[in-house]
Peer 1: 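Right, I'll just put the structure down here and ask away after.
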Amino acid sequence: MRVLVVEDEQLLADAVATGLRREAMAVDVVYDGAAAQERIDVNDYDVVVLDRDLPVVHGDDVCRRIVQLGLPTRVLMLTASGDVSDRVEGLELGADDYLPKPFAFSELTARVRALGRRTTTALPPVLERAGIRLDPGRREVFRDGREIQLAPKEFAVLEVLMRGEGTVVSAEQLLEKAWDENTDPFTNVVRVTVMTLRRKLGEPPVIVTVPGAGYRI
């Protein structure tokens, strides 16, 4: 899952991004509304965590732009105000969910995951395929009942492949969904991660390489 965090309080923004990365999400961070609009124009995000009271360009205008562009991106709006009228106004702008500050990080993570599931065809919270059971909320992976310990990027790649439900996922798509914008697009990190993931998942192999196209489970 790829997430954009837009928050002018830099310490909070960086803390949220670090926490979401530990949950195997690819996260970009910006600190004002203008920078958010630039990222939205060039990158595909599953979820935008959007502070409402932003400098340069207000969070309301960023939300409106996402709606106007017709993007499948889901918006979780943050605000220091807990007034019901503010929540209603934010939702009417096109936000999909609303979270007042201060918030528990576990709740933010759960809301981001729930919104991420809405960007594609509805899938169950726990994914199962080819003997693999992947629980994004608990960050657990089992194969035929055996628990497998994965690094965050390995977990993210496996989740993207399993959400593909047997379709081919290109290396470019994996790079976009599992890594942030600072990753070199010419790196071999996807191939190396898939190799490590295959080894950890064991025999018989469940990740199939489709020459010239990508990978599938």
Side-chain angles (χ1 to χ4, degrees), residues 1-125 136-137 156 159-160 163 173 175-182:
M1 183 188 305
R2 190 163 186 182
V3 179
L4 176 64
V5 174
V6 190
E7 167 63 63
D8 64 320
E9 296 180 42
Q10 294 193 19
L11 289 177
L12 175 59
D14 293 343
V16 168
T18 298
L20 293 178
R21 287 174 184 139
R22 287 173 179 162
E23 296 295 320
M25 300 181 198
V27 185
D28 298 333
V29 185
V30 294
Y31 309 111
D32 64 69
Q37 290 186 335
E38 291 174 0
R39 295 300 194 285
I40 290 164
D41 285 344
V42 298
N43 296 322
D44 294 328
Y45 294 103
D46 298 297
V47 179
V48 174
V49 178
L50 178 66
D51 181 37
R52 189 171 185 186
D53 300 312
L54 291 171
V56 188
V57 175
H58 198 274
D60 289 358
D61 295 318
V62 177
C63 188
R64 287 191 190 97
R65 182 168 182 80
I66 292 172
V67 173
Q68 289 168 356
L69 291 172
L71 301 175
T73 303
R74 302 297 178 175
V75 177
L76 173 58
M77 190 169 277
L78 306 178
T79 182
S81 174
D83 292 344
V84 172
S85 59
D86 284 339
R87 298 184 193 184
V88 171
E89 188 176 347
L91 294 171
E92 288 180 343
L93 286 168
D96 298 279
D97 200 357
Y98 204 98
L99 188 61
K101 301 175 184 177
F103 51 81
F105 181 75
S106 58
E107 181 179 5
L108 181 140
T109 302
R111 289 175 183 262
V112 169
R113 287 202 179 280
L115 290 175
R117 289 196 293 270
R118 296 188 205 169
T119 60
T120 55
T121 303
L123 291 172
E159 183 176 357
V160 173
R163 289 190 182 280
Q173 289 173 312
L175 195 63
E176 181 178 286
K177 293 293 186 183
W179 281 268
D180 60 34
E181 64 184 358
N182 297 314

Peer 1: CD1/Ile66 to CG/Leu93 distance, rounded to the nearest 0.5 angstrom?
Peer 2: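 Interatomic distance, Ile66 CD1 to Leu93 CG, rounded to 0.5 Å: 11.0 Å.
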Peer 1: Looking only at heavy atoms, what is the nearest atom pair of Leu50 and Leu54, with distance?
Peer 2: CD1-CD1, 3.7 Å
Peer 1: Give a yes-or-no answer on whether the side chains of Tyr31 and Asp51 include a donor-acceptor pair shorter than 3.5 Å.
Peer 2: no
Peer 1: Kindly write out the residues that satisfy side-chain contact (heavy atoms from CB on, under 4.5 Å) with Val30, not counting sequence neighbours, or none if the list is empty.
Peer 2: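 Applying side-chain contact (heavy atoms from CB on, under 4.5 Å) to Val30 gives Leu4, Val6, Ala35, Ala36, Arg39.
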Peer 1: Name all pairs fulfilling the salt bridge (charged side-chain N to carboxylate O under 4.0 Å, His left out) condition that reach into residues 16-36, sequence neighbours left out, sorted by first residue then second.
Peer 2: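 Qualifying pairs: Arg2-Asp28, Arg21-Asp180, Glu23-Arg113.
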Peer 1: For Glu9, enumerate each residue passing the side-chain contact (heavy atoms from CB on, under 4.5 Å) test, keeping only those at least two apart in sequence or located in another chain.
Peer 2: Glu7, Leu12, Lys101
Peer 1: Would you name the heavy atoms of Arg74 and Leu115 that are closest together and state the gap between them?
Peer 2: CG-O, 3.4 Å
Peer 1: Which heavy atom of Thr79 sits nearest to which heavy atom of Tyr98, and what is that distance?
Peer 2: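 Taking Thr79 first and Tyr98 second, the nearest heavy atoms are CG2-OH, 2.9 Å.
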Peer 1: Roughly how far, to the nearest 0.5 Å, is the CG atom of Asp53 from the CG atom of Asp8?
Peer 2: 8.0 Å
Peer 1: Does Arg111 have any salt bridge (charged side-chain N to carboxylate O under 4.0 Å, His left out) partners at least two apart in sequence or in another chain, and if so, which?
Peer 2: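 For Arg111 the salt bridge (charged side-chain N to carboxylate O under 4.0 Å, His left out) partners, ignoring immediate neighbours, are Asp97, Glu107.
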Peer 1: Would you please name every residue forming a side chain to side chain donor-acceptor pair (under 3.5 Å) with Asp61, sequence neighbours left out?
Peer 2: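 Once residues adjacent in sequence are excluded, the partners of Asp61 under the side chain to side chain donor-acceptor pair (under 3.5 Å) criterion are Arg64.
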Peer 1: Quick one: list whatever passes salt bridge (charged side-chain N to carboxylate O under 4.0 Å, His left out) with Asp44, sequence neighbours left out.
Peer 2: none
